[in-house]
Structures are given as structure tokens and as C-alpha cells.
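Ligands are counted one by one from 1 in listed order, and the atoms in each one are counted from 1 as well. Note that the structure is a prediction, hence the values are computed from the model and not measured.
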Amino acid sequence: MRETVDFLLQHWLRVDTLCERPRFAEHSQDTFAAVLDTCERIAREKFAPFNRLVDTEEPRFDGEKVILPEATHAAWKAYAESGMLAAAQDAGIGGMQLPYTVEAAANAFFAKASASIGAGMLTVGNANLLMAHGSPAQQRVFAMAEFEGRWSGTMCLSEPQAGSSLSDVATRAEPDGDDFEADPLGPRYRLRGNKMWISAGEHELTENIVHLVLAKIPGPDGKLVPGTRGISLFIVPKRMVDAEGRLTGERNDVALAGLNHKCGWRGTTNTLLNFGEGRFRPGGRAGAVGWRVGKPGEGLRCMFHMMNEARIGVGLAATMLGMAGYEASLAYARQRPQGRPITGSGKDPAQPPVPIIQHADVKRMLLAQKSYAEGALALELYCARLVDDTHTGDAATAADARLLLEVLTPIAKSWPSEWCLEANSLAIQVLGGYGYTRDFPVEQYWRDNRLNMIHEGTHGIQALDLLGRKVVMDGGAGLKLLATRISATVERAGHVEGLAEPANALAAALQRLGAATKSAWATGVPEEALANAVPYLQAFGHVVLAWTWLDVALAARGHALEGGKLAAMRYFYAFELPKIDAWLGVVARREEVARTMRDEWF
Ligand SMILES: Cc1cc2nc3c(=O)[nH]c(=O)nc-3n(C[C@H](O)[C@H](O)[C@H](O)COP(=O)(O)OP(=O)(O)OC[C@H]3O[C@@H](n4cnc5c(N)ncnc54)[C@H](O)[C@@H]3O)c2cc1C
């Protein structure tokens, strides 16, 4: 995988050119390589050997605290000491000022070694959000402690009754006393409510946990404002702190109501948290103390600010699980003898069995995994590069990158979640019966990966976002810009021997995608268009991946990896791209069977 990462970063995305930008001027290809080396080593030593252990030794609650394996503590410590929690931050505050593209690539090693132990994704997202929207005091007290790894962070959006529909959030935040606005850490509130599914919501890995909580401030009539407009954002630490960031010794009123026992991803706790139930009484009163971030009613806007990176992070985790399964099944297929080759005269039982990698069908399954996992890795790193462009590119580059990310982020999140999960299923298949046992790692990869179509916006919600909003906003500007980029690749590949045929196929696919988008919206009735949003997402994703593969194939010419990359590209065009016809068929004719099916007919 390292070879592929290096090839994509250096030859395809040309990350060296980022060093021409003032923010990254102190960096070079060498410093980037040093970060990748360090992360690869820590992942190999502190994460990979314990991936199965954290799966079998689920987090436990002893009534007072949550117990995690010692290996998880060691992994967190090593990750924090690597400086990766502050990778993107200014050097002036102890950060590395690393481009996000390199940060994402470096984090990929941890996701592959043990997505389940996880590392700092939530903590970094939490602290970055505070750097964008928090007050200087909030940044100094909370974000800095998170960058140092002393404290960790969570994102508390979901509630038992409010998952996909955050407008139904019912956690209340009421001003804490008449002087609530005078607190040096920000306007102070008392929160009451329940937050469900909170990852890393309780543990002893760090001395404090910084919860970022979405809650509604009641109006003068005591009622909560319906919809998302009324949602604000609050910092609610597990342990109370003073204005200098020192622990006061008091517990905040945040209580673990229970641990969720998951299908996979068991190395990270998942919690139901009760805020303000009175288990603890900070300042002598029930109610979780929370300091507001940003203005009232702007909670979701602040959260969405971090969405691109959070979703690329989820896509990358899904990708790396796909990669882990690919590598495990490839190694197995090379050494497992079984069956004899089919020859012109049939099979010769007198011959010794061959390694299963010699069977075309096994190679098909390996090629599928390679095309999914390596293609997804390329897409995620491309999107990460766009994130860098939004921050450090010139005005035109930044504007284009922002627009492209609008349409590509739902794909970056969803495509690997679906297809790298399929890759994990194929990895199990390559191992046959052994793949279905816990003696081999591939079944865990599948279980761990199954989460990714669910969290950070389910598959269905991502699809609605893409077809309902992203491709139609600004008169379809995002889709048009993407089409321009795809057409440029088609144009370049059209003149290259061996690539002209896929280039033509991609041009035709792009044309069909555009036509289906129009047909879906031809009646202008959202229920009709959006009933088939998921097949649209699938087709859109496959077109984006076909484009990615063709572009990667162009860059691979003459490179040591050319053979494998071209074969994976050819596989994708032969086996995968044709699937879009079925998906776009139902989209274009606004197929109504799912929409009109009656409840009582099931
Ligand atoms: C392991 C794990 C970790 C998580 N970590 C966190 C975390 O750290 N912080 C946090 O806040 N949340 C977290 N979540 C919550 C996660 O984001 C939610 O599970 C997700 O948003 C879906 O909400 P739900 O489970 O209530 O499902 P629902 O919203 O009830 O959805 C159920 C099904 O209905 C579909 N559906 C719902 N509404 C619509 C609609 N309008 N149109 C079409 N289809 C629809 C969905 O696509 C889905 O298939 C986590 C979840 C899990 C399982």
C-alpha cells in the first residue's frame, strides 16, 4: 500500500507543488515522507497487533469507569506523541502545518492497522471546529488540550429519536443564571437531554473529554423552536474546568447511561449519555454546564463547516478496511493450494493442486478488491487535495475546489462505504470457509466496515443530498465543473494508446449521467426524482471512480506500478462501469415502484 500512497501523492497529485504555497514552504517531499514513515511504523507496532484483541475484549463498564484494553491506552499515547493531533495547526502553537492531503494519507495507515482502535479523528475534528468557531478562550482551554492529547473530543449530534433528522433534537440548553453571558469561557448554559450513539463518549484514555453538543435554547414561551434553526452548539466537558483550563475536581452532570454493543468497531466505546439528569451536581445544582460556541441557532452551520473533512475521514476508513481485506486475501490466495487449472483436455487429477490465485475467478475477486480499494484511496486523496486548495489555493482555485467538493463529498463518504464493504465480502469469499471463521481477520474487516454506510449521514441521506441539493444548486454549477474536469481527462486519454477505448466509454457514461439527472428532475416533483436517489448515487459514484481510474492510469504510464494500475482500470471499465445503465435507467424514467408500494402489500 505504501508504494501506492507514494505514487498517488508524488506522481498523480504532485504534493510537492503544495510546498510552493507560503503555508507549506517549510515542507518538502522529505518531510512529507518522514511523517508517512513515522505513522506507518506506529500503526504497525501499536495498532495492527491489537486489532483482534480490541474486537474480542469489548469495552466494559464496571459501574464507575469504562475499561479498555491496555493496548488502546498505548496506541492513543503513541498517536498523541507523534504530533498528528495537531498536524494541520500553525507551527506557532506547536502544530506541523502539514497539508491535509499528507495528513489524510498518514492517517490511512492507522485506519488500515486498526480502524476499530481509531485514533484522533473525532478529537481533531472537535478541536478544528473550535479553532474555526470558538472564542480565543475556548480555543486556548479546550482545543489546545485536545491537540496535546491530554483531553479527547466527541461529537454529540444524535439522540434516540433524532438520527437522520436532526431537526428533532430535543436536548434543551437554558441560560445558567442572570450573569450567564459573563463567563470567561463563553455564554454558560445548563443542558438536559440524552445523546445516543456517541463514539468515545466515556473512557479513561484522557483526563477529560470535551463533548461538543447540539441542543436547543428554548424561546421566551419555554418551547423549543422546531426545525434546525433553533439548534445551537455547546462545549460540555466531562470534568469541570476553570477559565485557565485547570480541572476543578468537580464532575460535570454528564452520565454514562450505557454502552452500545456493536457488530464491529468494538475498540471504540459507543455510548448513550445523559446530560443533566442530576447524577452529578456541578456548582451544587443538577444540569450539565455547557459553554455556547458561536451564535445561538448556528450550531448546525458550525458542525457542517467540518463536514468535508469528517466525511473524507469516514470514506478513508472504509477504504483502508477494503485495502486490509484485499492484502490479507491476496496473501492467502498466493499460498493456498486448491484445485487444478482448466486445460484444453480438462483437469488432470494427477497434477498437484495450484495456488488458488491461479484461478481466473479468484483473480477476478482480487481485481475487484484492488479496483475498489485503490480507486477509493485515489479519490479520497484527490478530495483531500481539494480541501487544501480551498484553504491555500489562489481565489479561483479555491472557489473551484469548494464547488467540486460540494458534489464529490457525498461520493467520498458513500462510495468506499458501499464498495470497500463489498471488497471485504469478496475477501471472505477468497478465503472460503476459513474466511468465515475468526481465525482470519477478514470477517472483522467486514463487520468494522459495515458501520460506514450508517454513520456520518446514512447512504440514503447522502443520496438525497447529492440528487436533491448538490447537483441542482447554483443551476448545476458543481456538476458542470465536474463534467469539465472529467472531459479534460477524456481528452488527454483519447490520444493515448490503450486508453482511447475507456476514454470513449467514460465520455458516454458522463453524457448518460447528465441526461438522467435532467430526466429525474423533468417533472420538477421532488418525490418523483428522489425516490431513486440511491441508484443515482451509485451511478454517480461509479462514473467518478471510472474517471479517477482513467486519470490514475494516465499518471501510471512508465511507472513501476503501471501493470497493476492498468489492469485494475481495465477491470473497472469491463465489470463495473456498465452497471450504471441499470441504475440510471430507473432514475431517468422516475421508476415509481418503490415510491408507490403500499405498506399493507409488504
Ligand atoms: C457505531 C456508531 C457510531 C456513531 N457515532 C456517532 C457520534 O459519535 N455522534 C453522533 O452524533 N452520532 C453517532 N452515530 C449516529 C449515526 O450518525 C446515526 O446512527 C445515523 O445518523 C442514523 O440515525 P439513526 O440510527 O437514528 O437511523 P434513522 O435516522 O432512524 O434511519 C433508519 C433508516 O431510515 C432511513 N431514513 C431516515 N430518514 C430518511 C429520509 N428522510 N428519507 C429516506 N430515508 C430515510 C435511513 O437512511 C436509514 O436507512 C453513530 C452511530 C453508530 C452506529
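Residue K262 touches ligand 1 through its side chain alone, judged by heavy-atom distances below 4.0 Å.
Between E443 and R438 there is a salt bridge, since a side-chain N of the basic residue sits under 4.0 Å from a carboxylate O of the acidic one.
At least one heavy atom of L464 sits less than 4.0 Å from an atom of ligand 1. For the ligand labelled ligand 1, residue L451 lies inside the 4.0 Å heavy-atom shell.
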### Message
Does E159 form a salt bridge (Lys or Arg N to Asp or Glu O under 4.0 Å) with K195? I'd like the steps, not just the answer.
### Response
CA-CA 4 Å; E159 298 182 2; K195 290 288 173 181; 2.9 Å; yes
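Ranked by closest heavy atom to atom 41 (N) of ligand 1, the top entry among I461, N270, L273, T269 is I461. Among G457, S164, G163, G264, the residue whose heavy atom sits closest to atom 29 (O) of ligand 1 is S164.
Not one N or O of H455 is nearer than 3.5 Å to an N or O of ligand 1, by distance alone. Annotation: I198 places no N or O atom under 3.5 Å from an N or O atom of ligand 1; distance criterion only. For ligand 1, one of its N or O atoms has an N or O atom of L157 under 3.5 Å away.
Less than 4.0 angstrom separates some heavy atom of S199 from each of these atoms of ligand 1: 3 (C), 4 (C), 5 (N), 6 (C), 7 (C), 8 (O).
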Output side-chain donor-acceptor pairs under 3.5 Å for residues 145-153, partner residues at least two apart or in another chain, one line each.
residue, atom, partner, partner atom, Å
E146, OE2, G153, N, 3.4
E148, OE1, R150, NE, 2.8
E148, OE1, R150, NH2, 3.4
W151, NE1, E207, OE2, 2.7
S152, OG, H203, NE2, 3.2
S152, OG, T206, OG1, 3.0

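Between L321 and N452 there is a side-chain heavy-atom pair separated by less than 4.5 Å.
When atom types are taken as modelled, the side chain of R192 and the backbone of A286 share a donor-acceptor pair closer than 3.5 angstrom.
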